[in-house]
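Everything below concerns the one structure shown next.
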Amino acid sequence: MAKVATREAYGKALAEFGADPNIVVLDADLSKSTKTETFLKAYPDRFFNIGIAEANMMAIAAGMATCGKTVFASTFAIFAALRACEQVRNSICYPKLNVKIGATHAGISVGEDGASHQTVEDMAIMRSLPNMTIMCPCDGVETRAAVKAAIDLKGPVYLRLGRLALPEVHQADNFNFELGKGIQIKDGSDVTIIATGLMVYKSLEAAEMLKAQGIDARVIDMHTIKPIDQDIIIKAAKETGAIVTAEEHSIVGGLTGAVSEVLVQNYPTPLKAVAINDTFGKSGKPDELFVEYGLTPENIVKQAQEVMKIKK
Amino acid sequence: MDKQQLLELKKTAVKIRRHIIDAVYHAGSGHPGGSLSCTDILTALYFKHMNVNIKNPQDANRDRFVLSKGHCAPALYSTLAVKGFFPTEELVNLRKIDSFLQGHPSLKDVPGVDMSTGSLGQGISASVGMALAGKLDKKDYRVYTIIGDGECQEGQVWEALMAGAHYKLDNLTAFLDHNGLQIDGKITDVMSPESLPEKFKAFNWNVIEIDGNDLEAIDKAIETAKATKGKPTMVVANTIKGKGVSFMEDQYGWHGKAPSKEERDNAIAELDQAMELLGGE
Ligand SMILES: Cc1ncc(C[n+]2csc(CCOP(=O)(O)OP(=O)(O)O)c2C)c(N)n1
Ligand SMILES: [Mg+2]
C-alpha cells in the first residue's frame, strides 16, 4: 500500500470537510509544507496566509473563533507549540476557543533541517495547558478521523503531524475512532506497548519480533495524548503487568509522562520508555536518526525484554 | 576599493556560489535561492571588512556576524570554509548525519558561526545583544547581521529594531536581503511588509538603499555605516533571489529545493563561465 504522511492526509481532510462554511484555515508561509495548500485550492476565500508571524496567527485565530469560526491554524510544530506558546495559552486555551492547531513536521523525522526545526518538546508543553486536547495520529486513515473529531469538538485542539510518509496501520472501511479512547491493535498477555504517532507501526513490527521469541505483546495505538485513556492503560497494566511506551518525543512530559502519571496513581506497574532521552536532535536522514536516537522496533523489543525482567 | 581588490572579491563570490550549489546538491535538500541572493554581502563582509581570526574563531575582540535568515546556512558555511575556518571539502557533507554542518547554523558545532539561528526573527535580536555587550565592555568590535524580507513579517524583528535604535547601537549594521520572495510567493502577495525602507527610517535607523548584488555598492554602504554615529544602520540590499544561476533567479520555487544532477551541472557550468570572464578558475 502507498505510504502517506500525516500532513498530507491533514491537507486532504481539510479540503474534504471544508465544505462547512464556518471552517477557515490560516497558515504562516508554509502552506506547501503543511499541505493547507490543498484547502487553499478548494476554498481560496476561506484561506488566509498570515505570513511569517506565528504568534500573530494564533491570536488572529482566537479572534476569528470568538466570531463563530472553526479555525485551523497551521505551521511547523516547533513554531506552533513553542514560539507561539504563550499566545496559545492566553488567547486560545484560557478563553477555551475553537482553534485547531495543525502542527506539522513534529519530531526528529523532520530530518535534514536539524535541531532548530525538530521539536521533541511540543506534547509536553501543550499537555500542560488546561483546556487543550492533543491528538497524534499514526497514519493517514487516523489523521482523517482526527481532523473530523477536532471539528466536532468545540474547543482548542493540538494535532501533532509529521513530515514523513508512513505505512497505513488502519483500514479505512472498518475504522472506529473515538477521541480520548486508545485503540488496541494487537492483543497480548506478556507486556503492553503503548505507542503514538509513527511509533505505532514500529511497535507492530516489534510485536512480531517478540512473538518469534515467544513473547506475547499487546499493542495500543494511543492517538489521543490528552485526555489520556486511563481505562485502557490500567487494564493493560492489570492484564500484562509490564508497559513500554514508544513516542517520537522527549521522555519528559509526553506519552511516557502521561502514561506514568496514570500508572503511579492507579496501579503502579514497571515501565520502560522508547523516547528521546532529553536531548536535541540533529541533521540527518530520518531513518539514520531513528537508529541514532533508538526509535526502532529493535529498541522496543529490548525495552520490552528489560521491563519483563522487573515485572512482578 | 581598487579595481584589483574588486576583481578578487568578485571571484570569491563566484567561488562561494559554486560551493553553495554543490553543498545543497550533495545534501539533497536545503535553500539555494536565499543563499545566492546574500552571497555578495557575505563576501564583502568576510573578505574586506570583518576582523575575524580563523586560528581563534572565539577571539573576544572579533567582529560578529549573525545570519538571522538561518536557512541560508549553505552561504554562511561556504563563506566560512573559503575564508579558512574549516576545509572546503567538508561542504559536501552538509546536513549529513555524521557532519558538523547542521542544516541551520549551529554555534556549538561550526567554527566561525557566532550564533545558532534558523527560527526567523531571533537572530537580529541576538545581534542587538552582541552590540549592546560591545558597548558595555567598551570594545570596538562591530556586529553584522542579515535578515530576510519575509522574515520582517515576524514582530520580533521590529522589537529588535526598536531596541537597536533606543540604545544607539552604531556598532550594529543590519542588511535586509530584499529579494521580494518568501516560501509561498512574493512577499507583497503573502503578507506585505512594505514599505520596508520607510519603516526602518521610522524606527530611527540610518537607512541606505543599494543594489545588494553589487560588491562596490555593498562596500560603500559598509564604510558609511562605520562612519555613522549614534544610530544603527540598515542596508536595504535590493537583491535577486537565486542570483548567479539564471534558472533559479527570481523563482520562489528555488527557495528550498535541491538541484538535480543535471541542474547542478548546468548551474556549475554557468558559474564556471562567470569565473572565466573574471579571469579566474
Ligand atoms: C519562525 C519561523 N517561521 C517559519 C520558518 C520557515 N521558513 C524558513 S525560510 C522561510 C521564508 C523566509 O523568507 P525570507 O525571509 O524572505 O528569506 P529569503 O527570501 O532571503 O530566503 C520560512 C517561512 C522559520 N524558519 N522560522
Ligand atoms: Mg526573501
Side-chain angles (χ1 to χ4, degrees), chain A residues 26-37 40 44 47-60 74-87 105 108 110-119 163 279-293, chain B residues 24 26-31 69-71 73 93-110 115-123 147-159 181-193 252-253 255-258:
Chain A
L26 312 183
D27 204 295
D29 193 34
L30 288 169
S31 65
K32 288 174 182 54
S33 302
T34 63
K35 303 297 173 190
T36 59
E37 195 185 38
L40 161 67
F47 175 89
F48 299 92
N49 202 328
I50 305 302
I52 312 168
E54 297 81 9
N56 190 34
M57 175 171 72
M58 292 306 173
I60 287 177
S74 273
T75 179
F76 291 169
I78 182 92
F79 308 129
L82 281 85
R83 191 189 196 86
C85 178
E86 200 252 345
Q87 281 77 6
H105 295 65
I108 58 167
V110 164
E112 289 84 348
D113 268 351
S116 64
H117 285 56
Q118 298 163 331
T119 176
R163 168 176 184 244
T279 180
F280 287 105
K282 66 179 198 174
S283 292
K285 293 198 174 75
D287 283 340
E288 297 170 336
L289 293 170
F290 291 144
V291 172
E292 175 132 351
Y293 292 92
Chain B
V24 177
H26 280 99
S29 66
H31 300 82
K69 37 171 252 170
H71 56 283
N93 296 323
L94 173 67
R95 293 177 161 241
K96 304 235 164 90
I97 189 151
D98 293 323
S99 172
F100 61 100
L101 296 174
Q102 295 299 301
H104 290 77
S106 175
L107 168 64
K108 70 172 185 15
D109 292 302
V110 186
M115 183 60 201
S116 300
T117 51
S119 180
L120 294 167
Q122 302 189 24
I147 60 173
D149 46 8
E151 184 178 7
C152 291
Q153 293 158 352
E154 287 287 358
Q156 181 170 359
V157 168
W158 305 94
E159 296 172 27
L181 300 177
Q182 56 190 112
I183 295 182
D184 280 346
K186 289 187 186 164
I187 59 166
T188 48
D189 288 340
V190 173
M191 176 57 63
S192 180
Y252 70 81
H255 170 86
K257 188 173 78 169

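Residue numbers begin at 1 in each chain, while the letters A, B, ... track the order of the sequences.
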>> Let's go through A:Thr34 and A:Asp27 carefully: what are the C-alpha distance in whole Å and the side-chain angles of both, what is the deciding distance for side chain to side chain donor-acceptor pair (under 3.5 Å) to 0.1 Å, and is it a yes or a no?
In response: CA-CA 8 Å; A:Thr34 63; A:Asp27 204 295; 2.6 Å; yes
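- Highest contact tally toward chain A, considering only B:His104, B:His71, B:Lys96, is held by B:His104 [criterion: heavy-atom pairs under 4.5 Å].
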>> As a quick check of understanding, evaluate side chain to side chain contact (heavy atoms under 4.5 Å, CB included) for B:Ile147 and B:Cys152, giving each step before the final call.
In response: CA-CA 8 Å; B:Ile147 60 173; B:Cys152 291; 3.8 Å; yes
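- When heavy atoms are compared at a cutoff of 4.5 Å, B:Tyr252 approaches chain A solely by way of its side chain, counted from C-beta outward.
- The greatest number of non-hydrogen atom pairs below 4.5 Å with chain B, out of A:Glu292, A:Glu54, A:His117, is found for A:His117.
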> Between A:Arg83 and B:Ser119, is a side chain to side chain contact (heavy atoms under 4.5 Å, CB included) present by the stated rule, with each step listed?
Replying inline: CA-CA 9 Å; A:Arg83 191 189 196 86; B:Ser119 180; 2.8 Å; yes
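- Shown are A:Lys282, A:Lys285, A:Glu112; of these, the side-chain contact (heavy atoms from CB on, under 4.5 Å) with B:Ile97 is made only by A:Lys282.
- Residue B:Ser99 does not touch chain A at all, counting heavy-atom pairs closer than 4.5 Å.
- Of the two parts of B:Gln156, only the side chain, counted from C-beta on, holds a non-hydrogen atom closer than 4.5 Å to a non-hydrogen atom of chain A.
- With a 4.5 angstrom heavy-atom cutoff, A:Glu37 does not touch chain B via any of its atoms.
- Judged purely by atom type and a 3.5 angstrom limit, A:Thr75 has no side-chain atom pairing as donor or acceptor with the backbone of A:Ala80.
- For B:His31, the part lying near chain A is the side chain, with the backbone staying farther off; criterion is any non-hydrogen pair under 4.5 Å.
- Looking only at distances, a side-chain donor or acceptor of A:Arg163 sits under 3.5 Å from a matching main-chain atom of A:Val110.
- Of the two parts of A:Phe79, only the side chain, counted from C-beta on, holds a non-hydrogen atom closer than 4.5 Å to a non-hydrogen atom of chain B.
- For chain B, the option among A:Ile52, A:Ile50, A:Leu30 with the highest count of heavy-atom pairs below 4.5 Å is A:Ile52.
- A distance-only check finds a donor-acceptor pair linking the side chain of A:Gln118 to the backbone of A:Ile108 [under 3.5 Å].
- The most heavy-atom pairs under 4.5 Å with chain B, out of A:Ala115, A:Ala53, A:Ala55, A:Ala28, come from A:Ala53.
- With a 4.5 Å cut-off on non-hydrogen atoms, A:Asn56 does not touch chain B at all.
- Only the side chain of B:Ser29 has a heavy atom closer than 4.5 Å to any heavy atom of chain A.
- With a threshold of 4.5 angstrom between heavy atoms, A:Ser116 approaches chain B through side-chain atoms but not through N, CA, C or O.
- Between the side chains of B:Gln182 and B:Gln153, at least one donor N or O lies within less than 3.5 Å of an accepting N or O.
- Side-chain polar atoms of B:Asp109 and B:Gln102 form no donor-acceptor pair below 3.5 angstrom.
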> After noting the C-alpha distance and the side-chain angles of A:Asn49 and B:Asp184, does the key distance pass the side chain to side chain donor-acceptor pair (under 3.5 Å) rule?
Replying inline: CA-CA 9 Å; A:Asn49 202 328; B:Asp184 280 346; 2.9 Å; yes
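- For the set B:Ala73, B:Gly30, B:Gly103, the entry with the most heavy-atom pairs within less than 4.5 Å of chain A is B:Gly103.
- Proximity to chain B involves both the backbone and the side chain of A:Leu289, based on heavy atoms less than 4.5 angstrom apart.
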